[in-house]
Amino acid sequence: MPTIAMVMAAGLGKRMRPLTASRPKPLVEVAGKALIDHSLDRLRAAGIRNVVINVHYLADALEAHLRRHAGDLDVMVSDERDGLLETGGGMVKARAHLGDQPFLTVNSDNLWIDGPIDAINLLAERWDDTTMDALLLLVPQARAHGHNGRGDFHMDAVGRLIRRKTGRVAPFVFTGVQLVSPRLLDNAPEGSFSTNILWDRAIAEDRLYGVVHQGLWFDVGTPAAIPLTEAVLADG
């Protein structure tokens, strides 16, 4: 089981406007709770107490919220006020805080509910350090609530991933949750860049793997997604 997680919380939230005009996207509420608090609850449930959270847009508000609502966790803020670094650059900047063992990363604009198998435990059980640089939590396209894309990955019988081809569809969507080896960050680019660059390198070496989430998952990226998510959650 990983002992530390990084929550990606520095984005500008452009797709969530106008709700993000005066608050960062992680503080947008779904079912009466800020998005980032849903993520932190999942980490607590898995026993992860050490959390790195990157901040950029309206960072003061997010830090104040964390002081009020995450005091039981050991939170380290990775400050990106001087420049947004995207997901890959954000991990590189925070690397010194992430340790030398596999760590979890969570996108704060996704919300998941565990099924019969806890998602974080599922990742930990499936992890094989000899063959993997990253293990992605995936959901079948048909169960990707609020997601309008064409899918992200194909997966073979042992879990190795390849990309969806341009103009085609793929059966699995990335949930925003992954278990990452520090190896994935070796010789990474400098500055702002997407994790996609690191994933592509891992795919070329047959070291990017996936596992299928057993519960519910919601892409809460736009205002319209909020009532749809709340309706499903209300059904229990």
Side-chain angles (χ1 to χ4, degrees), residues 1-11 13 15-16 24-54 69-70 73 87 91 102-127 134-149 151-153 155 159 161 170-180 195 199 208-236:
M1 174 64 69
T3 59
I4 191 164
M6 181 170 184
V7 179
M8 301 293 180
R15 291 194 305 137
M16 192 61 89
K25 183 165 62 171
L27 297 190
V28 171
E29 290 195 355
V30 177
K33 184 184 297 185
L35 277 168
I36 196 166
D37 291 340
H38 286 282
S39 297
L40 295 178
D41 282 349
R42 299 278 76 78
L43 299 180
R44 289 186 181 96
I48 297 175
R49 318 304 292 183
N50 299 301
V51 185
V52 178
I53 301 175
N54 64 345
H69 296 276
L73 301 173
T87 52
M91 276 195 286
F103 58 89
L104 195 74
T105 77
V106 177
N107 292 350
S108 61
D109 59 351
N110 298 319
L111 189 156
W112 81 93
I113 303 297
D114 286 322
I117 302 175
D118 175 282
I120 296 174
N121 278 296
L122 180 64
L123 286 166
E125 290 171 5
R126 179 71 179 86
W127 181 259
L135 177 62
L136 280 54
L137 186 70
L138 305 175
V139 67
Q141 174 84 331
R143 291 199 284 114
H145 294 283
H147 188 76
N148 298 317
D152 300 315
F153 295 103
M155 183 165 54
L161 301 182
F172 295 107
V173 174
F174 176 52
T175 62
V177 183
Q178 62 177 328
L179 193 53
V180 177
T195 308
W199 286 346
L208 188 72
Y209 282 73
V211 65
V212 179
H213 178 45
Q214 302 297 306
L216 296 174
W217 177 79
F218 306 89
D219 182 349
V220 194
T222 66
I226 294 174
L228 297 175
T229 301
E230 291 175 335
V232 176
L233 293 175
D235 283 343

Participant: Let me confirm one number: the CG-CG distance from L137 to L179, rounded to the nearest 0.5 Å.
Facilitator: 10.5 Å
Participant: Show, in sequence, the C-alpha distance, side-chain angles and deciding distance for M1 and N121, and conclude whether the side chain to side chain contact (heavy atoms under 4.5 Å, CB included) test is met.
Facilitator: CA-CA 7 Å; M1 174 64 69; N121 278 296; 2.7 Å; yes
Participant: Decide, yes or no, whether a salt bridge links K33 with D41 under the criterion of side-chain N to carboxylate O below 4.0 Å.
Facilitator: yes
Participant: Flag the pair M8 / V106 as yes when at least one side-chain heavy-atom distance between them is below 4.5 Å, and no otherwise.
Facilitator: no
Participant: Closest approach of G215 and R143, non-hydrogen atoms and distance?
Facilitator: O-NH1, 2.8 Å
Participant: Could you point out which residue of F172, Y209, F174 forms a side-chain contact (heavy atoms from CB on, under 4.5 Å) with L136?
Facilitator: F174
Participant: Evaluate side chain to side chain donor-acceptor pair (under 3.5 Å) for W112 paired with D114, printing each intermediate quantity in order.
Facilitator: CA-CA 6 Å; W112 81 93; D114 286 322; 3.2 Å; yes
Participant: If we only count heavy atoms from C-beta on, is the V30 to F218 side-chain gap below 4.5 Å?
Facilitator: no
Participant: If you compare all heavy atoms of P2 against all heavy atoms of A124, which two are closest, and at what distance to 0.1 Å?
Facilitator: CD-CB, 4.1 Å
Participant: Donor-acceptor check, side chain of H38 to backbone of S108, threshold 3.5 angstrom: yes or no?
Facilitator: no
Participant: Could you walk me through whether M16 and I226 pass the side chain to side chain contact (heavy atoms under 4.5 Å, CB included) test, one step at a time?
Facilitator: CA-CA 10 Å; M16 192 61 89; I226 294 174; 4.2 Å; yes
Participant: Return the CZ to CG distance between R15 and D109, rounded to the nearest 0.5 Å.
Facilitator: 7.0 Å
Participant: Would a 4.5 Å heavy-atom cut-off, applied to side chains only, mark L122 and H213 as touching?
Facilitator: no
Participant: Work out which heavy atom in R44 is nearest to a heavy atom in A70; give both atom names and the distance.
Facilitator: NH2-CA, 3.8 Å
Participant: Would you say that V212 contacts M155 through its side chain, given a criterion of any heavy-atom pair below 4.5 Å between the two side chains?
Facilitator: yes
Participant: Where do L104 and L123 land on the side chain to side chain contact (heavy atoms under 4.5 Å, CB included) test, with the steps shown first?
Facilitator: CA-CA 9 Å; L104 195 74; L123 286 166; 3.8 Å; yes
Participant: Side chains of V7 and V52: does their closest heavy-atom pair fall under 4.5 Å?
Facilitator: no
Participant: Of the non-hydrogen atoms in F103 and M91, which two are nearest, and what is the gap between them?
Facilitator: CE1-SD, 3.8 Å
Participant: If you apply the rule side chain to side chain contact (heavy atoms under 4.5 Å, CB included), what do you find for F153 with V173, and how did you get there?
Facilitator: CA-CA 7 Å; F153 295 103; V173 174; over 6 Å; no
Participant: Please report the shortest heavy-atom distance between A9 and N54, naming the atom on each side.
Facilitator: N-OD1, 2.7 Å
Participant: Roughly how far, to the nearest 0.5 Å, is CD1 of I36 from NE2 of H69?
Facilitator: 11.0 Å
Participant: Look at the side chain of Q141 and the backbone N and O of D152, then say whether any donor-acceptor pair between them is shorter than 3.5 Å.
Facilitator: no
Participant: Can you name the one residue among T195, T105, N107 that meets side-chain hydrogen bond (donor to acceptor under 3.5 Å, both in side chains) with Q178?
Facilitator: T105
Participant: Is there side-chain contact between I113 and L233, with at least one heavy-atom pair below 4.5 Å?
Facilitator: yes
Participant: Which heavy-atom pair separates Q214 from P116 by the least distance, and what is that distance?
Facilitator: O-CD, 3.7 Å
Participant: Distance-only, no hydrogens or angles: does the D118 side chain make a donor-acceptor pair with backbone N or O of I120 under 3.5 Å?
Facilitator: yes
Participant: Please name the residue in the list D219, T175, N110 that meets the side-chain contact (heavy atoms from CB on, under 4.5 Å) test with H147.
Facilitator: D219
